[in-house]
There are 2 protein chains.
Amino acid sequence: MIQNAAIIPLLKDVARQEHQLQLTCDSCALYSLCLPLGLHRNDLETLDSIIKRSKPLARGQALYKMAESFDSLYVVRSGAFKTTLTAADGREQITGFYLPGDLIGMDAIHTGQYQASATALTSSSACGLPYDRLQDLSQAIPALQQQIYNRLSKELANDKQLLMALGQKTAMEKLVGFLMALSRRFEERGYAANRFQLPMSRIDIANHLGLAIETVSRLLTQLSNGGLIDCQGKMIALLDKPQLKILCN
Amino acid sequence: MIQNAAIIPLLKDVARQEHQLQLTCDSCALYSLCLPLGLHRNDLETLDSIIKRSKPLARGQALYKMAESFDSLYVVRSGAFKTTLTAADGREQITGFYLPGDLIGMDAIHTGQYQASATALTSSSACGLPYDRLQDLSQAIPALQQQIYNRLSKELANDKQLLMALGQKTAMEKLVGFLMALSRRFEERGYAANRFQLPMSRIDIANHLGLAIETVSRLLTQLSNGGLIDCQGKMIALLDKPQLKILCN
DNA sequence: CGGCATGTTGATGATCCTCAAGCTACGTGG
DNA sequence: CCACGTAGCTTGAGGATCATCAACATGCCG
C-alpha cells in the first residue's frame, strides 16, 4: 500500500525544483492551481506584470508578521507556510497551513495590517501580489474578480469546518480529520495522497487542533499500532483510508 | 451602571420598527452599516434595484438551509441570525451570529450550494442580494467590489479569532470574550454596549463556544455572584468591564 | 560528535462533560 | 385569564477526556 518514494515525487523534491527558476505565470507548474486560472492570455500577462516573485525563505523565516502594514497577498509557490495568530497574553493559535497554490493574507484586506504572522515551514517561496494593483486589475478582469471571491469564500468555508472540529470533535477525530484533509490537498496538487511528508511539526499540529503535543503523539502511535497508518517521524502513510474515514466521520 | 431601558432603545424594539416599512437603501436606518456605504447616488440606486427585500422571518425559521442551491447573499435588516454547520453524523456547530448590517452566506460563493443553514433567532428580516447580479455590479462599481472584499476579509479575521478562542482559551475566557465581542457589536450599531438582550439561547452560546450548556450556565451565575455582570434570563448587563477584560485577556 | 529541539511514553490530575433532578418562563389552548 | 405543557435554564454529583508534569529517546544541524 505504501507508494515508492522514488516513483511518486515528494513535496520536498518538487519544492526544490520550483525554487530554481520561475519567470512567468504561464510557464509555472502551479498554473492550474493558481489565481490566474481561467484568465485570457492578455489578462494573464497583465497580472504577471504586477507579481513580485519573492526570494526563497528558509524554514522558520517570516513571509510577514502580525501587525506589519498590509500591502500584498501571497501565493505559495513551493514549500509550505503556517499562519499564526498571537493573543495579548502571548498564547498562539495556528490558523492555517498553506500549500503551493494557496493564497495567504486575505484576512488582512479589510485593515491596514496583517492579522497574523506567516512563517515558512520548510524551504519555501511565494509570489507577492500588491493588493492595490490586484484590486484595480480585478476591477478590469471579471475572471480575476471571480477568482478572488472564490478564494476568499473557500478559505471561509475551510475555517468554518475547522470551527466544527475544534468545537465538537474528539482529539482522535480532530487528528484523523486533519490527516485526511491534508491527504486530499496533496492529491489535488498531484502528489501522493496516501504517503507524504508532514511539512509541520507535532507541536504545530497540536496547536492547530487545540490539543497537547503529547496527545497528538499518543494518538499517532495508537493509529500506527492499529495498522491504520504508518508513521516514522514526519513521513506518514495512510494505510486504511476507509477505516480512517470512519474515525473522523 | 445599568442603563435605563426606557432611554436606550433595545434591539428588539428597533427590530420591530425596521420591520414596518423599508423601501430603498438610502432611506434605510442601516445605511451606514451596510454594504452600499460609500457608493455614489447613481450606483446606490442600481444596487437598490437588484435587492430583494424578504418578508420577515419568525424565530426558528430558516433564511436558507445547508446544501440548498446558492443564489443570494443576505444582509440582516433586523433581528438576528445564526449559521449552523451540520456534520455527517448530525453534530452541529454554530459558526456565527449575525446582527443588522452583517452579510450572510459568503462561505457559499465558491460552490453552488449553501455551506451552512441560516436561522432567525428572533423575528428578523434580511435583504437578499442575488449573487450573479452583485458580481456584475461589483465589476462596474469599484467601491462595491472593495466593500465585498472587505466584508469577506472581516469575516475571515473574525473566524480566525474564534479559532483562537476554541483552540486555546478556557471556558471562562471563551464566554467572557464572547460577551465582550457582542457588546462591541451592539455598540457599533448604536445600541447600548453595557446592557442588552441576548438574541440567542444558552444552548446556542454553548454550542458556538464548544462548551456544555451547564458550563455556560454555571459561569454566568459565577460572574453574576462576583458582581461582574447582572444576568436575568436573556437580559445581560456588563457591570465591570475592566475586570471582564482581564478575564478574557 | 555534541547540543538542542523535537518527539515518545508514563503517571497524575484538572477542567469540563455527562447524567440527573428540579426550576423558570413562555406560549397555547381551554 | 388561568392551567398546562414544553422548552430552556439552573444546580449538584460523579466521571472521562485530555492537559500537565516528568523523564527519557530520537534526530537534526552545526
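Values below: every heavy atom of this structure, side chains too, minus hydrogens, waters and symmetry copies. We name chains A, B, ... by the order of the sequence lines, and we start the count at 1 in each one.
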Subject >> Length of the CG-P vector between Asn225(A) and dT9(C), whole Å >> reply: 8 Å
Subject >> Residues in side-chain contact (heavy atoms from CB on, under 4.5 Å) contact with Ala67(A), at least two apart in sequence or another chain >> reply: Gln113(A)
Please tabulate, one pair per line, all N/O donor-acceptor pairs under 3.5 Å involving side-chain atoms of residues 212-229 of chain B, not counting sequence neighbours.
from, atom 1, to, atom 2, distance (Å)
Thr221(B), OG1, Ser217(B), O, 3.4
Thr221(B), OG1, Arg218(B), O, 2.7
Asn225(B), ND2, Thr221(B), O, 3.3

Subject >> Residues that Met200(A) engages under side-chain contact (heavy atoms from CB on, under 4.5 Å), provided they are two or more places apart >> reply: Phe97(A), Leu121(A), Phe178(A), Leu182(A), Leu198(A), Asp204(A), Ile205(A)
Subject >> Base versus backbone protein contacts along nucleotides 12-22 of chain D [heavy-atom cut-off under 4.0 Å; B, S, -] >> reply: BB----SSBBB
Name the atoms and distances for all side-chain donor-acceptor pairs under 3.5 Å in residues 165-173 of chain B, with sequence neighbours left out.
from, atom 1, to, atom 2, distance (Å)
Gln168(B), NE2, Glu92(A), O, 3.3
Gln168(B), NE2, Gln93(A), OE1, 2.6
Gln168(B), NE2, Asn207(A), O, 3.3
Thr170(B), OG1, Glu173(B), N, 3.3
Thr170(B), OG1, Glu173(B), OE1, 3.3
Glu173(B), OE1, Arg91(A), NH1, 2.9
Glu173(B), OE1, Arg91(A), NH2, 3.4
Glu173(B), OE1, Thr170(B), N, 2.8
Glu173(B), OE2, Arg91(A), NH2, 2.8
Glu173(B), OE2, Asn249(B), ND2, 3.3

Original post:
Would you call Arg59(B) and Ser124(B) a side-chain contact if the rule is heavy atoms closer than 4.5 Å?
Top reply: no
Original post:
Which part of the nucleic acid does Ser201(A) contact within heavy-atom distance under 4.0 Å: base, sugar-phosphate only, or nothing?
Top reply: sugar-phosphate
Subject >> Any Thr221(B) side-chain nitrogen or oxygen under 4.0 Å from OP1 or OP2 of dT11(D) >> reply: yes
Original post:
Separation of Gln168(A) atom CD from dT18(C) atom C1', in whole Å?
Top reply: 15 Å
Original post:
What class does the angle between the rings of Tyr114(B) and Tyr64(B) fall in, given that below 30° is parallel, 30 to 60° is tilted and above 60° is perpendicular?
Top reply: parallel
Original post:
Rounded to whole angstrom units, what separation is found between the CD1 atom of Ile203(B) and the P atom of dT10(D)?
Top reply: 11 Å
Subject >> Length of the line joining Gln197(A):CD and dG27(D):P, which is rounded to integer Å >> reply: 13 Å
Subject >> Listed nucleotide nearest any side-chain atom of Arg59(B), set dG7(C), dT11(D), dG8(D) >> reply: dG8(D)
Original post:
Among Lys241(A), Glu188(A), Arg195(A), whose side chain to side chain donor-acceptor pair (under 3.5 Å) with Ser183(A) holds?
Top reply: Lys241(A)
Subject >> Interatomic distance, Leu219(B) CG vs dT11(D) C1' [rounded to whole Å] >> reply: 13 Å
Subject >> Lys154(A), NZ atom: more than 12 neighbouring heavy atoms under 6.0 Å >> reply: no
**OP:** Report the distance from atom CD of Gln232(B) to atom C1' of dT10(D), rounded to the nearest whole Å.
**Re:** 15 Å
Original post:
Would you say Lys245(B) has more than 12 foreign heavy atoms packed within less than 6.0 Å of its NZ?
Top reply: no
Subject >> Between P of dC9(D) and CG of Leu220(B), the distance in whole Å >> reply: 10 Å
Subject >> Sub-4.0 Å heavy-atom contacts from residues 82-92 of chain B onto DNA chain C, ordered by number >> reply: none
Original post:
Rounded to the Å, how far apart are Met235(A) CE and dT6(C) C1'?
Top reply: 19 Å
